[in-house]
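A short write-up of the structure that comes next.
Atom set for the values below is all heavy atoms of this structure, side chains included, hydrogens, waters and symmetry mates excluded. As the structure is a computational prediction, the values presented were derived from the model and not from experiment.
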Amino acid sequence: MIGALESGRHAFASFAAPDPASAVEFSTTDYDGLVFETEHKPWDVTALRDSLQYLLNRRQIHAADSLAPAVTPLVRIPANGGEKAQWHAKQVLDLGAYGVVWPHITTVDEARNAVAACRYPSLPGSPRHEPAGLRGDSPGAAARYWGITNAEYYARSDVWPLDPDGEVLVALMIEDQRGIENLPDILDQVPGIGLILIGEGDLSQELGVPRQYEHPRVLECKRRVLDVCGERGVAVGHPHVTADNVKQVLDDGYRFLMSAPVRSYPGLDLGRTLTGRIPGREGLR
């Protein structure tokens, strides 16, 4: 997924609860990434650990040049940026996740904490020292998940694009006016941010037009985020891509497109129609 963003291409992803059954379903899809959702789902590390394993597709790995899952797993952690929950980032990275999505980032300090929490410490004066790493050292499970040695994991687990060879993605969610106002300083002062994801749900709540994603005030805010990031070459993600808006989303300049799978019931729908059991036209019994 980092390869797509680095080369200026689009990346496609979705949200899913940390559930093994969902992970199996996504493992054979054409998504580039999957964000396991723990902000609005229970924080269940055991389920997350199992889901990461079930996302592995042995046939795909056998046929590929890489041991990494074709669908790159990220995790949206539950805590807002202001809570500076470094331990959430540490736990998901230690399980093997390839990136962390941080909700509600509003300040430079919160952004710096987010990147630092995803990096191992180094001495002042070392290359790419800032933001100074805060991640505790326990790489065994992550290295096993990545299929490499601990030493190889250390070499590859820094944040991209701060480390051009890094394979950990730090995504920050901008979800309010304060975050938008501070976004230029965030991107100018904090290296290592790989993606900005617009939280249009919370943004629309703050503006007093909840879930009206096409409201002019919401569109104006999203345009501002796109412009600020575009000037700095940082990809922006859209969380609600559908068949109806995907062309507009692409035209607007989003490069990380999140779309939810749609489950359909064609046999049930046709059967009900053929038997006259049309939903909404039957009385309750």
Side-chain angles (χ1 to χ4, degrees), residues 1-2 5-6 8 10-11 13 15 33 35 39 74 76-77 79-86 89 99-119 128 130-132 159-163 166 168-241 248-258:
M1 189 166 57
I2 285 178
L5 298 178
E6 186 174 32
H10 296 86
F15 280 117
V35 178
E39 184 189 10
L74 312 177
R76 180 160 76 169
I77 60 176
N80 291 343
E83 299 175 68
K84 298 187 176 179
Q86 298 157 10
V100 179
V101 178
W102 293 78
H104 288 280
I105 295 293
T106 58
T107 68
V108 170
D109 186 49
E110 293 171 11
R112 183 177 290 110
N113 174 76
V115 176
C118 296
R119 308 186 71 203
R128 301 185 289 270
E130 294 290 345
V159 299
W160 175 88
L162 176 58
D163 180 348
V168 169
L169 182 68
V170 176
L172 307 185
M173 294 197 69
I174 300 298
E175 312 190 59
D176 56 27
Q177 297 302 298
R178 190 175 178 216
I180 294 173
E181 179 182 341
N182 289 328
L183 185 56
D185 287 339
I186 287 173
L187 296 179
D188 291 342
Q189 298 180 30
V190 184
I193 299 167
L195 173 70
I196 294 296
L197 183 60
I198 295 178
E200 59 182 0
D202 288 282
L203 181 62
S204 65
Q205 281 282 357
E206 184 187 48
L207 293 172
V209 289
R211 299 228 165 206
Q212 297 179 46
Y213 303 141
E214 299 304 313
H215 190 283
R217 297 181 69 189
V218 178
L219 292 175
E220 180 182 355
C221 291
K222 293 193 293 186
R223 186 68 257 168
R224 173 62 177 154
V225 172
L226 283 161
D227 290 343
V228 169
C229 291
E231 293 165 359
R232 292 159 176 81
V234 177
V236 181
H238 191 296
H240 298 123
V241 176
Q248 185 62 54
V249 168
L250 291 170
D251 290 344
D252 287 343
Y254 294 93
R255 290 207 292 118
F256 187 83
L257 280 63
M258 303 193 72

Checking the side chain of [X] only, and the main-chain atoms of [Y] only, is there a donor and an acceptor separated by less than 3.5 Å?
| X | Y | result |
| --- | --- | --- |
| Gln212 | Glu214 | no |
| Arg224 | Ile180 | no |
| Glu206 | Leu203 | no |

I want to check something: taking the side chain as every heavy atom from C-beta on, are [X] and [Y] in contact at a cut-off of under 4.5 Å?
| X | Y | value |
| --- | --- | --- |
| Asp109 | Lys84 | yes |
| Glu6 | Pro161 | no |
| Glu110 | Trp102 | no |

For Met173, run the side chain to side chain contact (heavy atoms under 4.5 Å, CB included) check against Val101, Ile105, Asn80 and tell me which one passes.
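It is Val101, the one option of Val101, Ile105, Asn80 that forms the side chain to side chain contact (heavy atoms under 4.5 Å, CB included) with Met173.
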
Does Arg223 have any salt bridge (charged side-chain N to carboxylate O under 4.0 Å, His left out) partners at least two apart in sequence or in another chain, and if so, which?
Asp227

Can you sort out the partners of Asp252 under salt bridge (charged side-chain N to carboxylate O under 4.0 Å, His left out), two or more places apart, ordered by chain and number?
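By the salt bridge (charged side-chain N to carboxylate O under 4.0 Å, His left out) rule, Asp252 matches no residue at all.
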
Search all heavy atoms of [X] against all heavy atoms of [Y] and return the closest pair with its distance.
| X | Y | answer |
| --- | --- | --- |
| Cys118 | Ala114 | SG-O, 3.4 Å |
| Phe256 | Ala13 | CZ-CB, 3.5 Å |
| Pro131 | Val115 | CG-CG1, 3.8 Å |
| Val168 | Gly99 | CG1-CA, 4.3 Å |
| Asn113 | Ala85 | ND2-N, 4.4 Å |
| Ser204 | Tyr213 | OG-CE2, 4.2 Å |

Other residues, nucleotides, ligands: >12 heavy atoms within 6.0 Å of Gln189 CD
yes

Sequence neighbours excluded - salt bridge (charged side-chain N to carboxylate O under 4.0 Å, His left out) pairs with any residue from residues 170-191
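Applying salt bridge (charged side-chain N to carboxylate O under 4.0 Å, His left out) to every pair that reaches into residues 170-191, excluding sequence neighbours, yields Asp188-Arg232.
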
Atom OG1 of Thr107 and atom CG of Leu183: how far apart are they, to the nearest 0.5 Å?
12.0 Å

For the atom pair CZ (Arg128) and CG (Asp163), what is the distance rounded to the nearest 0.5 Å?
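Here the interatomic distance stands at 4.0 Å.
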
List the steps and the verdict of side-chain contact (heavy atoms from CB on, under 4.5 Å) for Ile174 and Cys221.
CA-CA 10 Å; Ile174 300 298; Cys221 291; over 6 Å; no

Would you please name every residue forming a side-chain contact (heavy atoms from CB on, under 4.5 Å) with Arg255, sequence neighbours left out?
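Per chain and number, Arg255 pairs via side-chain contact (heavy atoms from CB on, under 4.5 Å) with Leu5, His10, Ala235.
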
Identify all side-chain donor-acceptor contacts of residues 191-200 below 3.5 Å with residues at least two apart in sequence or on another chain.
from: Glu200; atom 1: OE1; to: Lys222; atom 2: NZ; distance (Å): 2.8
from: Glu200; atom 1: OE2; to: His240; atom 2: ND1; distance (Å): 2.5

Residue pair Leu207, His215: steps toward the side-chain contact (heavy atoms from CB on, under 4.5 Å) verdict:
CA-CA 10 Å; Leu207 293 172; His215 190 283; over 6 Å; no

Report the C-alpha separation of Leu74 and Met1 in whole Å, then their side-chain angles, then the decisive distance to 0.1 Å, and conclude whether the side-chain contact (heavy atoms from CB on, under 4.5 Å) test is met.
CA-CA 10 Å; Leu74 312 177; Met1 189 166 57; 3.4 Å; yes

Taking side-chain hydrogen bond (donor to acceptor under 3.5 Å, both in side chains) as the definition, give me every residue that meets it alongside Glu39, ordered by chain and number, with sequence neighbours left out.
Arg76

